[in-house]
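Data first, discussion second: the structure below is written as structure tokens.
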Amino acid sequence: MSRLLQSVGLLTMLAGGCAVHAGEQEIRQSIGINAPQVKIDSISRLGNTGLYQVVTNGINIFYTDDKGELGFFGNVVDFKNGANLTQQEKDRLTKVDVAKLPLDKAIVRVRGNGARKLYLFSDPECPYSQQMEKELQAVSDVTIYTFLFPLAELHPDAERKARLIWCARDKTQAWDDMLLRQQEPAANDAPCATPLKDVAELASKLWIKGTPGVIFENGKLVIGAIPRRQIETLLNAAVPKQ
């Protein structure tokens, strides 16, 4: 048993004894005094465990006792069914309504019948975005919507490259050339407005802080490059049931 799960078990046993349980307001006040830097979004009791789940800054989760005096971070797992309760809650908090994504601000690539859907927030200079493109090469029967999301603070030349890609005569070819072959498209002298600012604002609202940000049709968000096998599994799991 890991140290984390031992801690969960210990706190559960203590909270299950004869104790006077504080209310949410008391827990909020206690955390506010002892950890004033924490911005609390919600506090809720975690089933019958005696633990309280605290959500901070939109998507971060930690747990506390019934007095708000102890805190620990990590995954809480239900031994009965193996469910990762923490991950389930994170999935709920970060779930994306794909119907509201502005697809006119994305580069669209259709492979095979295009039946499955994948939405990418990607930085042309990010090595993990480049790795993701290599993994996607072998994925068929998918429509990929790519939102250009250059992280200038990490990759100073990324915004320039993103603009070149968006303003190219063939955006799809320009993207593939840049990410897979490190070839820049020819500059287009014609006036060209880009959606980069809108995409950056959207990424912030969706809690996408890094690239690639991968969204599946069921709204599941994954941050970081993932292997082809996992891509296929998540794509198939996300297909709407008929």
Side-chain angles (χ1 to χ4, degrees), residues 1-101 117 119 121 201-224 226 230-231 233-241:
M1 182 183 293
S2 70
R3 184 176 299 176
L4 170 63
L5 291 178
Q6 288 174 345
S7 299
V8 172
L10 175 60
L11 285 176
T12 301
M13 287 187 287
L14 290 174
C18 298
V20 177
H21 297 288
E24 177 186 329
Q25 188 59 36
E26 287 80 5
I27 293 175
R28 187 180 293 270
Q29 289 175 352
S30 178
I31 294 174
I33 293 170
N34 296 304
Q37 74 280 8
V38 175
K39 179 182 178 297
I40 298 174
D41 294 310
S42 67
I43 299 172
S44 57
R45 191 162 184 172
L46 188 64
N48 295 320
T49 64
L51 301 175
Y52 287 80
Q53 173 183 281
V54 183
V55 178
T56 69
N57 300 316
I59 58 173
N60 298 318
I61 297 173
F62 74 91
Y63 303 93
T64 187
D65 64 329
D66 63 349
K67 295 181 178 63
E69 295 175 346
L70 300 175
F72 59 93
F73 302 79
N75 294 313
V76 173
V77 177
D78 186 336
F79 280 151
K80 291 182 180 179
N81 54 28
N84 185 327
L85 302 182
T86 307
Q87 188 59 54
Q88 287 180 354
E89 182 65 8
K90 286 183 178 179
D91 287 345
R92 185 188 70 81
L93 292 170
T94 60
K95 185 174 182 179
V96 177
D97 185 350
V98 297
K100 294 182 179 179
L101 291 175
K117 304 292 189 294
Y119 310 86
F121 283 73
E201 291 174 354
L202 175 62
S204 179
K205 291 177 182 176
L206 298 178
W207 303 104
I208 298 174
K209 305 298 184 182
T211 55
V214 191
I215 303 171
F216 294 86
E217 200 167 359
N218 58 2
K220 181 177 179 61
L221 170 64
V222 177
I223 302 297
I226 53 179
Q230 187 177 357
I231 295 170
T233 297
L234 293 173
L235 277 173
N236 292 333
V239 173
K241 294 181 173 57

Minimum heavy-atom distance [X]-[Y], with the two atoms named:
{"X": "Asp66", "Y": "Ile27", "value": "O-CG1, 3.8 Å"}
{"X": "Ser42", "Y": "Arg28", "value": "CA-NH2, 4.3 Å"}
{"X": "Thr86", "Y": "Asn75", "value": "OG1-CA, 3.4 Å"}
{"X": "Ser30", "Y": "Gly68", "value": "OG-O, 2.9 Å"}
{"X": "Ile33", "Y": "Pro36", "value": "O-CD, 3.8 Å"}
{"X": "Gly224", "Y": "Val214", "value": "O-CG2, 4.0 Å"}

Once rounded to the nearest 0.5 Å, what's the spacing between atom [atom1] of [X] and atom [atom2] of [Y]?
{"X": "Gln230", "Y": "Leu235", "atom1": "CD", "atom2": "CG", "answer": "10.5 Å"}
{"X": "Trp207", "Y": "Ile59", "atom1": "CH2", "atom2": "CD1", "answer": "6.0 Å"}
{"X": "Leu46", "Y": "Leu85", "atom1": "CG", "atom2": "CG", "answer": "6.0 Å"}
{"X": "Leu93", "Y": "Ile61", "atom1": "CG", "atom2": "CD1", "answer": "5.5 Å"}
{"X": "Ile215", "Y": "Asp97", "atom1": "CD1", "atom2": "CG", "answer": "10.5 Å"}
{"X": "Ile40", "Y": "Phe62", "atom1": "CD1", "atom2": "CZ", "answer": "6.0 Å"}

Point to revise | By ring-ring contact (aromatic ring centres under 6.0 Å, His included) - contacts of Phe216 (at least two apart) | key: none
Validation row: [X], [Y] side chains within 4.5 angstrom (heavy atoms):
{"X": "Thr94", "Y": "Ile223", "result": "no"}
{"X": "Lys117", "Y": "Val98", "result": "no"}
{"X": "Asn60", "Y": "Val38", "result": "no"}
{"X": "Glu217", "Y": "Pro240", "result": "yes"}
{"X": "Leu206", "Y": "Phe121", "result": "yes"}

Exercise for review: Consider only side-chain N and O atoms of Gln87 and Asp91, and report whether a donor and an acceptor are under 3.5 Å apart.
Suggested key: yes
Exercise for review: Take Thr64 and Ile43 through the test side-chain contact (heavy atoms from CB on, under 4.5 Å) and record every step on the way to the result.
Suggested key: CA-CA 9 Å; Thr64 187; Ile43 299 172; 5.6 Å; no
Review point. Distance-only, no hydrogens or angles: does the Asp78 side chain make a donor-acceptor pair with backbone N or O of Ala83 under 3.5 Å?
Key: no
Point to revise | Qualifying salt bridge (Lys or Arg N to Asp or Glu O under 4.0 Å) pairs, either residue in residues 32-42, two or more places apart | key: Lys39-Asp41
Check your understanding: Partners of Lys95 by side chain to side chain donor-acceptor pair (under 3.5 Å), sequence neighbours excluded?
Key -> none
